[in-house]
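See below for the structure under consideration.
Chain naming here is simple, since letters A, B, ... match the order of the sequence lines and numbering starts at 1 in each.
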Number of protein chains: 2
Amino acid sequence: MTPAPEHVRSDVWTALRECRLWRSAADAAITELARAARIEEVHRGARLIAEGEPAVEFAVVVAGRIRVFHLGADGKRIAFETLDAGDPVAVIAALAGGRHPANAEAVTPAILAWLASETLWELIAADDQVAREVISDLANRVVNFTGVVHTLALDVPSRLARYLFQRALGVGQPSSRGLEIDLGMSKTDLAEALGTVPETLSRAFARLRDEQLIEVQGGRVIILDVRAIARLGSGYSEG
Amino acid sequence: MTPAPEHVRSDVWTALRECRLWRSAADAAITELARAARIEEVHRGARLIAEGEPAVEFAVVVAGRIRVFHLGADGKRIAFETLDAGDPVAVIAALAGGRHPANAEAVTPAILAWLASETLWELIAADDQVAREVISDLANRVVNFTGVVHTLALDVPSRLARYLFQRALGVGQPSSRGLEIDLGMSKTDLAEALGTVPETLSRAFARLRDEQLIEVQGGRVIILDVRAIARLGSGYSEG
DNA sequence: TCCCGGACTTGACCGCAGTCAAGGCACGCG
DNA sequence: CGCGTGCCTTGACTGCGGTCAAGTCCGGGA
């Protein structure tokens, strides 16, 4: 990749360059974005976006990890997505033109590059290819949401199986007993990501273990019966 | 509105003209679409799209009503949306380029105008304003999906209250006792739309009635306490 | 007028999962 | 070495909601 020009922060430039919304944009346009961006550094736990606020800006994650979630009336959380460097934040509200539909907070110390919503529309208008990338991204988000809805309709062991299977597709390592994976987060965090609580997740692990489908050793899981896990995670038959 | 040219079906032309994805397209472009479209007439109950099929076409509803839903492993349905004349069908898969993420079936006899997925991309490339409309539509779909996820996290009486409130915003008529609305579908259908079954919906109606929040007379409901219904439907403070 | 079928309601039952409470286990610090 | 603090697990309880079964109401047809 082209290095950042000297007069902009290189971490900001790199994150913007990697953002999937405008892969096809020229380096000069990225530099312009980097110059226009308002850089914000936040501590762990900072609330970046509150549901219902009018959306006038969106951001790109420069460093750290952001979690996007919905807050139920009783304070219960529903996790939507986890964002890392290069991922766009709050772009939906920017494009839909209304209020933020969800909350975002930093789960690690983080740096964000904020841009005016209108900036994104200008990029789209200026470059057909960017329009295409934005449309693809949005369409894929909708597809992912249908998956989220699907998942929420399953019971917890099935949701867990689904997670294990999809994670195995990514980081699965064949081992002597089966396919070995690392959970990638604490079980408490996984419980939240699956829309449940640690106690129930623990029982779900126990049940899959009792049925000889998996073995659990701390944060590592060996999938003994991949077919059964895939089936439990509800007919995920695609590649 | 400009009438349809004589050499294309006027119902098809009208439905295409009203499609929200390309409001700004020229009449000539609509005529071209109408000519290119493959017209399909289906009976009530026909399955139009099956989840997992490769997406090579999308459609616009010319007449009738289409229901889009997800099918759980056990055959349980999750309703996503209901489409009428002028609404686009399966546009997500066309733009995401993969397989259909949901099923669609006709709930009444229906007529559809099918177009190649590539046709939509051509329209987008040819007209910046169309790109803008498509992006807005997609962004709003994502926002709506966050609402669906939110709703599924509520208990059934709250989901019902949410539906009643939103419907009241649309077709509510002030009456002597309160705001009167027509459910717009059978209670069995409403149960499915709310992700539950008739028995549970019936109990939810009974509970709201017992709490003096509504009165029910067949397919008509009088909302006695709009504030309470709005609050139950979970702090819907907008518009 | 009688009968039938479909929509809706009500009651009884039960399983899943969230909550509360009580432990077990590992790690780090004094 | 002992203790505290998270993280995880297990048990007991409860409430929501889906299922099964029965019963009511209403409109259409013979």
Gap between atoms CD and P, on B:Q217 and C:dA7 respectively (whole Å): 22 Å

Interatomic distance, B:R159 CZ vs D:dC16 P [rounded to whole Å]: 13 Å

Separation of D:dT9 P from A:R207 CZ (nearest whole Å): 16 Å

Side-chain N or O of A:T188 closer than 4.0 Å to phosphate OP1/OP2 of D:dC8: yes

Electrostatic pair B:R177-B:E215, nearest N-O below 4.0 angstrom: yes

For B:F145, ring pair (Phe, Tyr, Trp, His ring centres under 6.0 Å) partners two or more places apart: A:F145, B:F80

Spacing of A:L194 atom CG relative to C:dG18 atom P, expressed in whole Å: 11 Å

A:E192 CD to D:dC8 P, straight-line distance once rounded to whole Å: 13 Å

Integer-rounded Å distance: C:dA7 P and B:F205 CZ: 16 Å

A:R47 and A:E53 ion-paired at < 4.0 Å: no

Given DNA chain C, 5'-ward residue of the pair B:A206 and A:L201, judged by closest heavy atom: B:A206

Residues B:E81 and B:R141 bridged, charged N to O under 4.0 Å: yes

Minimum-distance nucleotide (side-chain atoms of A:R203 versus C:dT9, D:dT10, D:dC7): D:dT10

Nucleotide nearest A:D155 when distance is taken to its side chain, options C:dC16, C:dC8, C:dG18: C:dC16

Among C:dT9, D:dG17, D:dT9, the one nearest A:P198 by side-chain distance: D:dT9

C:dC20 base / A:E199 side chain donor-acceptor hit below 3.5 Å: yes

Proximal nucleotide (of C:dG18, D:dT9, C:dA7) relative to the A:T196 side chain: C:dG18

Whole angstrom value for the distance that separates P of C:dA7 from CG of B:L190: 15 Å

B:R44 atom CZ: more than 12 heavy-atom contacts under 6.0 Å: no

Integer-rounded Å distance: C:dA7 P and B:K187 NZ: 13 Å

Residue A:T200, side-chain atoms from C-beta onward, closest of C:dC8, C:dT19, D:dG18: C:dT19

